[in-house]
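Take a look at the structure below.
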Amino acid sequence: MTYAIECRGLTRTWPGNPPVEAVRGIDLVIEQGICFGVLGPNGAGKTTTIEICEGLQRATSGECRVLGLDWQTDAERIRPQIGISLQETRLSEKLTVLETLTLFRSFYPAGAEPSDVIAKVSLQDKQHARIRTLSGGQKQRVAVAAALVGNPRLLFLDEPTTGLDPQSRRDLWKIITDFRQSGGTVLLTTHYMDEAERLCDRVAIFDKGRILAIDTPQRLIDGLGARHVVMFTVDSADSGGAVIPDDFGSELPGVIAVRRESEHRCLSVLQPHLAIPALLQQIADRNLQLTSLTTRQATLEDVFVHFAGHGLNEGTEQRSR
């Protein structure tokens, strides 16, 4: 079959002293007709990998094929079939929404009517408004509309909802879902784990230029062996200043793993109703004071921590893009 994206042994090294290995041997295959999520912290190599797939950068080594074609020899055949919305899209502030999309539509030999795309992103009442008058969420919808106006088969969205309010995020989620349901393929990078769980059929977890895991969101979460997380903090003032070990709680019933997140301690557990009473008893036996306790279901962020050994905002190396 022809894949939407196929990368084999992909690398990208930035010159410097020492050189920066932004992408370190990526193997990635994305089927057509799905929403594929790329997750990871800043500096993980996500944007560099995506820009190679978009034809905006050249790989140092390895192979990248898009819709069965190679950027080196088939660039003119690839471009009309893809749509791209970058992390930050700067549109002409003086043009109206309709003028902007009419301009972008002129770049393609075939495509959609600008007014139809405006309706898809729910901006009919703003089609004659100048870009400078739009809110951040509205500008982001225009940027996605510009990526859609050529009727692409493959849509690249690089952190499209970063900085948006909750309603604007949901508006964009619907646009992405509608495109996917119409048979298009979406490659989405995001920092938001709830977004990836909701939108993506499959996800790849990136860290330090490598892929740590690829699967459906649910199978990755199920692979942790525990569906619940207990987060708590304790105060050792009443225990005579005794040091609390990092593996505190690891021997409790049903606890699969223990980790620290700043001042919080996190237990991955099978049965919260067994683990929590035992935890409270252990805290009391050590003369500790419980200062907070919450429970939640396991998420893709827990999967990332499991594979990477640190949180999404911890331990990142020099930013690759």
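The two residues A275 and L252 come nearest to each other via the heavy atoms O-CD1, 4.2 Å. Nearest heavy-atom pair, K126 versus V97, reported as atom, atom and distance to 0.1 Å: O-CG2, 3.2 Å. Of all non-hydrogen atoms in S268 and A226, the two that sit nearest each other are C-CB, 3.8 Å. Here the shortest heavy-atom pairing between D125 and S122 reads OD1-O, 4.4 Å. The nearest pair of heavy atoms linking Y108 to A146 is OH-O, 4.5 Å. Of all heavy-atom pairs spanning E76 and P80, the tightest one is O-CD, 3.1 Å.
Looking only at side-chain heavy atoms (C-beta outward), I84 and L86 come within less than 4.5 Å of each other. Residues I82 and V66 are in side-chain contact: their nearest non-hydrogen atoms beyond the backbone lie under 4.5 Å apart. The shortest side-chain heavy-atom distance between L188 and L199 falls under the 4.5 Å cut-off. No side-chain heavy atom of I256 sits less than 4.5 Å from a side-chain heavy atom of V269. Proximity of Q32 to Y3: side-chain heavy atoms (C-beta onward) are nowhere separated by under 4.5 Å. R259 is not listed as a side-chain neighbour of H264, based on a closest heavy-atom distance of 4.5 Å or more. Residues V142 and F104 have side chains not in contact (no heavy-atom distance under 4.5 Å, counting atoms from C-beta outward). Annotation: side chain of Q81 is not in contact with side chain of P152 (no heavy-atom distance under 4.5 Å).
Counting heavy atoms of neighbouring residues, nucleotides and ligands inside a 6.0 Å radius, atom CD of E113 does not exceed 12 of them. Heavy atoms from other residues, nucleotides or ligands lying under 6.0 Å from NZ of K120 number 12 at most. In this structure, R296 places its CZ atom where more than 12 heavy-atom neighbours from other residues, nucleotides or ligands lie under 6.0 Å away.
Under the side-chain hydrogen bond (donor to acceptor under 3.5 Å, both in side chains) test applied with H191, the options N42, T162, T161 reduce to a single match, N42. For the side chain to side chain contact (heavy atoms under 4.5 Å, CB included) with I244, the qualifying choice from V234, D235, I283 is V234, the only one to do so.
Side chain to side chain, T190 and E195 meet the donor-acceptor criterion of an N or O pair below 3.5 Å. Between the side chains of Q297 and R227, no donor-acceptor pair is found at a separation under 3.5 Å. For the residue pair T189 / D158, a side-chain donor-acceptor distance below 3.5 Å is found, with atom types taken as modelled. Looking only at atom types and distance, the side chain of S168 has no donor-acceptor partner in the side chain of D171 under 3.5 Å away. A donor-acceptor pair shorter than 3.5 Å can be found between the side chains of T11 and S61.
In this structure, W71 contributes its side chain and C53 its backbone to a donor-acceptor pair below 3.5 Å. In terms of modelled atom types and a separation under 3.5 Å, the side chain of T48 and the main chain of G45 share no donor-acceptor contact. Of the possible polar contacts, none joining the R180 side chain to the V186 backbone as a donor-acceptor pair under 3.5 Å is found. Distance alone, capped at 3.5 Å, places no donor-acceptor pair between the D302 side chain and the A298 backbone. Put simply, the side chain of K46 gets close to the backbone of P41: a donor and an acceptor are under 3.5 Å apart. Looking at Q140, its side chain does come within 3.5 Å of a backbone N or O of P160 through a donor-acceptor pair. The backbone N or O of V121 sits less than 3.5 Å from a side-chain atom of R141, completing a donor-acceptor pair. With hydrogens and angles disregarded, no donor-acceptor distance shorter than 3.5 Å links the side chain of Q181 to the backbone of D178. Proximity of a side-chain donor or acceptor of D201 to a complementary backbone N or O of C35 within less than 3.5 Å is detected. Although no hydrogens or angles enter the test, the distance criterion places no donor-acceptor pair under 3.5 Å between the side chain of Q127 and the main chain of S115.
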As a quick check of understanding, evaluate side-chain contact (heavy atoms from CB on, under 4.5 Å) for S85 and F156, giving each step before the final call. CA-CA 6 Å; S85 180; F156 293 92; over 6 Å; no
Carefully, step by step, assess T133 and K139 under the rule side-chain contact (heavy atoms from CB on, under 4.5 Å). CA-CA 9 Å; T133 67; K139 288 180 179 179; over 6 Å; no
side-chain contact (heavy atoms from CB on, under 4.5 Å) between V29 and R8: does it pass, once the steps are laid out? CA-CA 8 Å; V29 173; R8 304 291 184 186; 3.4 Å; yes
Take R77 and D74 through the test side-chain contact (heavy atoms from CB on, under 4.5 Å) and record every step on the way to the result. CA-CA 5 Å; R77 295 173 62 193; D74 305 306; 3.8 Å; yes
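Transitive grouping of hydrophobic side chains (ILVMFWY, heavy atoms separated by less than 4.5 Å) keeps V229 and L279 in distinct clusters. Note: the hydrophobic cluster containing L280 also contains L267 (ILVMFWY, side chain heavy atoms under 4.5 Å, direct or indirect links). Hydrophobic cluster membership is shared by L172 and I131, with clusters built from Ile, Leu, Val, Met, Phe, Trp and Tyr side chains linked at under 4.5 angstrom. Hydrophobic clustering of Ile, Leu, Val, Met, Phe, Trp and Tyr side chains at less than 4.5 Å, counting indirect connections, unites I26 with L56. Under the 4.5 Å side-chain heavy-atom criterion for Ile, Leu, Val, Met, Phe, Trp and Tyr, L123 and L157 are members of the same hydrophobic cluster.
Take R132 and apply the side chain to side chain contact (heavy atoms under 4.5 Å, CB included) test, not counting sequence neighbours, and it matches E93, K94, R130. Remark: N151 engages A112 in a side chain to side chain contact (heavy atoms under 4.5 Å, CB included) (not counting sequence neighbours).
Distance CD/Q124 to CG/L98: 12.0 Å, rounded to 0.5 Å. For the atom pair CZ of R12 and OG1 of T60, the computed distance is 4.5 Å after rounding to the nearest 0.5 Å. Rounded to the nearest 0.5 angstrom, L224 CG and I221 CD1 are separated by 7.5 Å. Annotation: the span from F206 atom CZ to T47 atom OG1 amounts to 10.0 Å, rounded to 0.5 Å. A distance of 10.5 Å separates CD1 of I50 from CD of E159, quoted to the nearest 0.5 Å. Considering CZ of R260 and OG1 of T233, their distance stands at 10.0 Å, rounded to 0.5 Å.
Residue pairs satisfying the side-chain hydrogen bond (donor to acceptor under 3.5 Å, both in side chains) criterion with at least one member in residues 273-283, sequence neighbours excluded, are listed as follows: E251-Q282, Q281-D285.
The pair D194-R169 counts as a salt bridge, with a side-chain nitrogen and a carboxylate oxygen less than 4.0 angstrom apart.
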